[in-house]
Amino acid sequence: MPPKTRRKLNPSSSKKSNVPNNQSQVQPSKFGIQHFFERHSQNALLASQKLNHLSSPPAPPSATPPTNPIPLSPSKSNAASNGAVSVSPNPNLHSHSSPATEAADEVSPLVSKSTSLKRFNFSPGMLIKQSQDDGGDEVTWKISPVNERLLAVSKHTPVLPDSSKHNSFLIHQCSQTKGINTAAKVDKCLSSPSPKGKADKKPLLQANRFGLKRLNPFQDKEVGDSIADENTCLSSRQTPFCTPPSLPYCPDKLANGVASHPLGLKQHKKALLELLDQVEDVISVEDFVSSESEPYSSKAQEGMSKEIPVTADSIGNDVSMGTTNKVSGTSSNGYFLVLEVSEKQTFPESGGSQWPYKVLRLVNEKSGEERAVYLWEEWSYSVIAPGDTVNVIGEFDEEGKCNVDHENNFLIVHPDILVSGTRVAGSFSCPRRTVLDERLRCNEHSTAALIGTLLHQIFQAGLVKESPTVHFLEEYARIVLQKNMESLYACGVNEHEIYKTLTEAIPKLENWIGLFKDTQEPQVPTVDFGSDNGAKKVEVLEVIDIEELAWAPKYGLKGMIDVSVRVKVDSGGKEGHEKIMPLEFKTGKMANGQASAEHCAQVILYSLLMSERYLKHIDSGLLYYLQSDQTQGIIVRRSDLVGLIMRRNELAHDILKALTTQQLPPMLQIPSMCKGCRHLDVCTLYHKAFGGNTESSGLGDIFDSHVHHFSNAHGVFLRHWDQLIDLEAKEMQLAKKEIWRSHNHKNENSTGCLSSLVLDELPQQESHKENRFIYHFVCRYSPTNNLSGSDRNSISAASSLTKDLDCSLKSGDYVILSTESGHQFVATGIIVELSPDRVSVSFSKGLRLPGGNLSSMREKLLQEVWRIDKDEIMTSFSVMRFNLIQMFLDNEQSSHLRKMIVDLAAPRFDSGCIFSQDPAISYIWSEKSLNDDQRRAILKILTAKDYALILGMPGTGKTSTMVHAVKALLMRGASILLTSYTNSAVDNLLIKLKSQGIDFVRIGRHESVHEEIKGHCFSGMNINSVEEIKLKFDQVKVVAVTCLGITSPLLSGKKFDLCIIDEAGQTTLPVSLGPLMFSSTFVLVGDHYQLPPLIQSTEAREKGMGISLFCRLSEAHSHAIAPLQSQYRMCQSIMELSNALIYGDRLRCGSPEIANAKLKFTKPISCSSWLKIVLNPSKPVIFVNTDMLPALEARDQKTVNNPMEAYIIAEITDGLVNNGIEGKDIGIITPYNSQASFIRHTCKASVETHTIDRYQGRDKDCILVSFVRSNVNPRSCSASLLADWHRINVALTRPKVL
């Protein structure tokens, strides 16, 4: 074994690119489906180009030419032929660049025929990718994401995103020789025989071989020309979803051409060097002799798998989704991790063209088996990197190989990212806009969009109704308006005007339904399915479902299908046959160009989703345009699906890249289109924040007018918090992946899953007037049918349900309902009620399983075994990003917030005399229930011009203080927005306001609001018009909502005089920003010495996401704080403990009675000697030492508990109850969910047992704390929860007297 060598870092060895300026000025098209909407003009250009080149098209790589040859736009052809391998999308970018920029450049998939591979020996877990710099002979090493576990050893090396991680770890070998003819040296060093076939018969890829990316542009011209020439041979019928080969834009360059510097690049390099020193046998280079491959011919194709799940003829029988011959092999089952990506070239036997292709070396993430996938034709341009996750839809042959090409199989990249069909269809014109749609949740409300939504609902109701009449549809229009009254208010329209618009469209709806569904005429309507298929007679036999939720992790897609119908199709006098298909409803005219292609793409993707959902091939769909009263048939063709799935893969890559590196796709740079974009503000701000400028934006004065106010400091702040949000979102994304991947059995350690459930009963009626359905689920008690694999009786099964409910799920959580038998995702809902033996979930519509009819559906639902997963909702992160970017817009409100929060300007307060004529001031001084601290806090609020901070220490009555502050502000006539992060905190404050006779409006989901407050929600009021909503807001000055509920349409355009955020110390900064946009002055109430914001990502927490806005402003301007120090909860001894540990003697008892309070037993203490000491009322604080007992912690994978501590807690609890203390006055706190569950099962008495986080803001007469952690070597114990002094503070300040 050769000795390991240490590579020295020498960035200066990079050379400048030798690409001529004229080549660097070429602007290549972006990677993927670029000329989706320009196929007609493209054909003419390609024909002209063909005449100019005067070259004949080369033969395709297979004996049988493809049905749809791959078209190539002139821009792509030129880019390829000129050898512009790595060119910025910016036409004004000069060819010279910094070494750091060159090192990060994406390389071309085009490889010269003289290119060869080298072999490297490396230690287990180490995967390094080699490439050659186009400017010299230095070697660039790229660490793969596969090695994340090794990198995690070093704290200097944070984990990077999947697709682009390997671009961020760069180690340069010192250049030994630097000559002029670098291309010749590279070719001489890397020569290898030409690959001749798709899949060779030799063993799979060597374990230590690496993929090669070509960086030398000088020898790629021949390849580019051949590809361009071949693609001038176009077929008579082209798919609009074709995927021409194109050079991908450099993922490590910004749209403006400014090089992006990976975060902590120097640290990554240093950590990697240290890591290489620690790992044995790293990077020893050996000569590699490549094995020959068999020719890629029709014979070779016949030996490969051809079958794919979506295999059936279309209506016209013109294009097959896949071939019918099936060979023995292994079906793809599960996800694969990409270990290696090799880019190669095929070479014809006699004078043909070279064809690029890729070989993926994969490993099954469950079984560990290795596989190889060969990507041919347009698939060879897929953006895939080591460390990515893929799903192969097809079969592997006996040697573990699978071909993916224009005719066979599919490859899904990042299948865990479920992209909606609407997003995919709308991403062709501007991928950047689509990614921003995915990342931001805007508050825009459009009247046109609202009318479309209303017409959808009316049309769907008419389809479900048996023989609907115009009168029925008009009456239903009134119902629809009533349900959407809040949206009407947001759009600023009157319900009467909208009703008139709806009724004008109803006759067309009724006519279509009568013509297609309820036709009694012998002449069935015909639908045109395209020139190749002609008109078909179509009759709707049954409406299977409306607004059908379809998720297909297999394809990485999701969607909401307007209508799922069963139709009878009759073609050319042949006997009709029945089939299932989607019906997409559009309220406008039949579109053309871009809009038409988007609509067709939606139908095609919905057909694919329905194929997966109904487990049968669905090869067509219907598209109905209301305004032009036209119905169009859409045929699903293999060629269309290839283009759309590749676009979906690119979009998933863009979404993941934005999530992990904060890099968005390039700007469109078309002023005529960009100036009308809904994301123009945020698009330009992001561009400037990440290094862009006016020239690189391509928008000129439009760009300057939107970013002239944006400073460098603002850019630093935005980038920092944008990264923190993405780190946390990535953690949630990882949690959501488990939903797709762990569906075969219940994970016993899962904290967000309930399995083996059955329906207790079907709902007899809808829940309140929001038209929701509540279903009740209970455990399936039969041990033989327990899909989790554990043998339990009915009692233990019920206990398991209770355990899971207490540990992870709570009322108000979003959940995903699916079947355990077929692993089908059925619906999303909200938990509305929890009990020890059942969980109740609210759904927007009645449950229905795919297939079957209504008569048998009830029985099917009751017999089905269900699974409920917590839906780690991602919309909260889109709200956070939107809040953050809103603060940097060019308007008065945003400017004020920037000054206070980013620039940390000092807040202002009225310093003038306080006149007794002010009724608010008079009320504060006359209110006898207030102490001096509380009065000073309210005066601070009343005199604040910018903001005030109220530090509410434990038990100091901050909620009561806020109630009196609201009353004082109302005396001034101020309007107030009350918010908090949780529904319970908002409702607790509102309950006290209600007891004081203060009226308010509560905005939020009906099922999440406290029972006493529901009457103040609009859903609980008798509101029948937009005017009544306006009148209510005019009458009520207090509006309450959660911080994430500010996206409600009821708050559209609202402004308040003051915003109060309660529990601000527990709310992240981006979440806090949302409510602050509604007022000019704000008040933050909280205690940053108690629980900080809950952050799941360790990296985000370490980088400062746990620092709340309250904490940031408190540390910057202490004079803005009004502390509440007189507490009315803890006795003297308990308070002194908290003072000594946390508050530095600032806390004081509010009265002598509080200070001297003791636990009062109603019975004489009768128990063992040690228990008498523990229960001694004169000793309020007792620490029970378990060192002399076998009380060590117990671990079960990720869970930790301490059985002996649980028994001790149970013994003390029984002693308290037996001596007269009621169970409702006792609380048990522990940091760990598993310990809380263990204690519940151990205690005989009914005592409230929760984690520290669940006890925030609450108290009990007596609190027992189980710290759990205890081991043989205490110094080796690293308990992050116990190391958090915020949590310790909360635990110690919950009791009153013991």
Side-chain angles (χ1 to χ4, degrees), residues 145 148-149 151-153 155 157-165 168 263-264 335 337 365 387-389 414-418 438-441 553 652 655-663 719-742 747 749-753 807-810 813-816 869-884 981 1043-1044 1066-1071 1091-1108 1197-1199 1231-1233 1251 1253 1278 1280-1281 1283-1284 1287:
E148 287 180 8
R149 292 185 180 88
L151 292 178
V153 175
K155 281 197 173 182
T157 313
V159 176
L160 287 184
D162 292 346
S163 296
S164 53
K165 286 176 190 162
S168 299
L263 295 173
Y335 294 140
L337 181 67
E365 294 188 356
D388 288 351
T389 300
H414 307 303
D416 295 314
I417 300 178
L418 298 191
E438 190 76 15
R439 289 174 59 82
L440 302 173
R441 183 174 179 180
I655 292 172
L656 183 62
K657 184 178 178 181
L659 179 67
T660 52
T661 67
Q662 290 72 58
Q663 292 187 37
R719 290 193 300 271
H720 174 70
W721 281 98
D722 196 56
Q723 184 200 20
L724 296 184
I725 295 171
D726 284 340
L727 287 172
E728 183 70 0
K730 184 180 179 183
E731 193 75 18
M732 295 295 99
Q733 184 75 29
L734 293 174
K736 198 163 187 175
K737 285 182 182 180
E738 298 305 316
I739 299 178
W740 320 133
R741 300 194 181 192
S742 61
N747 184 359
N749 296 308
S750 174
T751 60
C753 166
C807 289
S808 59
L809 300 176
K810 61 182 182 299
D813 278 349
Y814 286 90
V815 292
I816 298 171
D869 288 276
K870 185 175 181 180
D871 187 2
E872 301 292 350
I873 199 73
M874 303 298 289
T875 55
S876 60
F877 300 108
S878 61
V879 173
M880 293 164 71
R881 295 188 193 98
F882 181 74
N883 293 345
L884 181 64
Y981 186 71
C1043 292
L1044 292 176
Q1066 293 180 259
T1067 309
T1068 61
L1069 184 146
V1071 171
L1091 287 182
L1094 180 61
I1095 307 299
Q1096 299 291 341
S1097 168
T1098 302
E1099 185 178 357
R1101 187 165 53 250
E1102 290 176 350
K1103 289 186 174 181
M1105 194 172 186
I1107 300 175
S1108 64
Q1197 294 185 9
K1198 293 183 179 181
T1199 62
Y1232 302 98
N1233 284 315
T1251 60
D1253 299 58
S1278 57
S1280 59
L1281 292 179
D1284 185 356
R1287 281 184 167 78

Rounded distance (nearest 0.5 Å) linking atom [atom1] of [X] with atom [atom2] of [Y]:
X	Y	atom1	atom2	result
T389	D416	OG1	CG	6.0 Å
L1069	I1107	CG	CD1	9.5 Å
Q723	T661	CD	OG1	10.0 Å
F877	L884	CZ	CG	14.0 Å
M1105	H720	CE	NE2	9.5 Å

Applying side chain to side chain contact (heavy atoms under 4.5 Å, CB included), name anything that partners [X], two or more places apart in sequence or on another chain.
X	result
S1097	L727, E728, E731, E1099, A1100
D726	R439, L659, Q662, D722, R881
P1093	T1068, I1095, S1108

Flag the pair [X] / [Y] as yes when at least one side-chain heavy-atom distance between them is below 4.5 Å, and no otherwise.
X	Y	answer
L1044	V1071	yes
L418	P553	yes
L1094	Q1066	no

Y981 atom OH, neighbour heavy-atom count above 12 within 6.0 Å: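 No.
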Quick check: closest heavy atoms across T1067 and C1043, and the distance to 0.1 Å?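 Answer, listing the atom of T1067 first, then C1043: CG2-SG, 4.3 Å.
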Do you know the tightest heavy-atom contact between L440 and F882?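 L440 and F882 have their closest heavy atoms at CD2-N, 3.7 Å.
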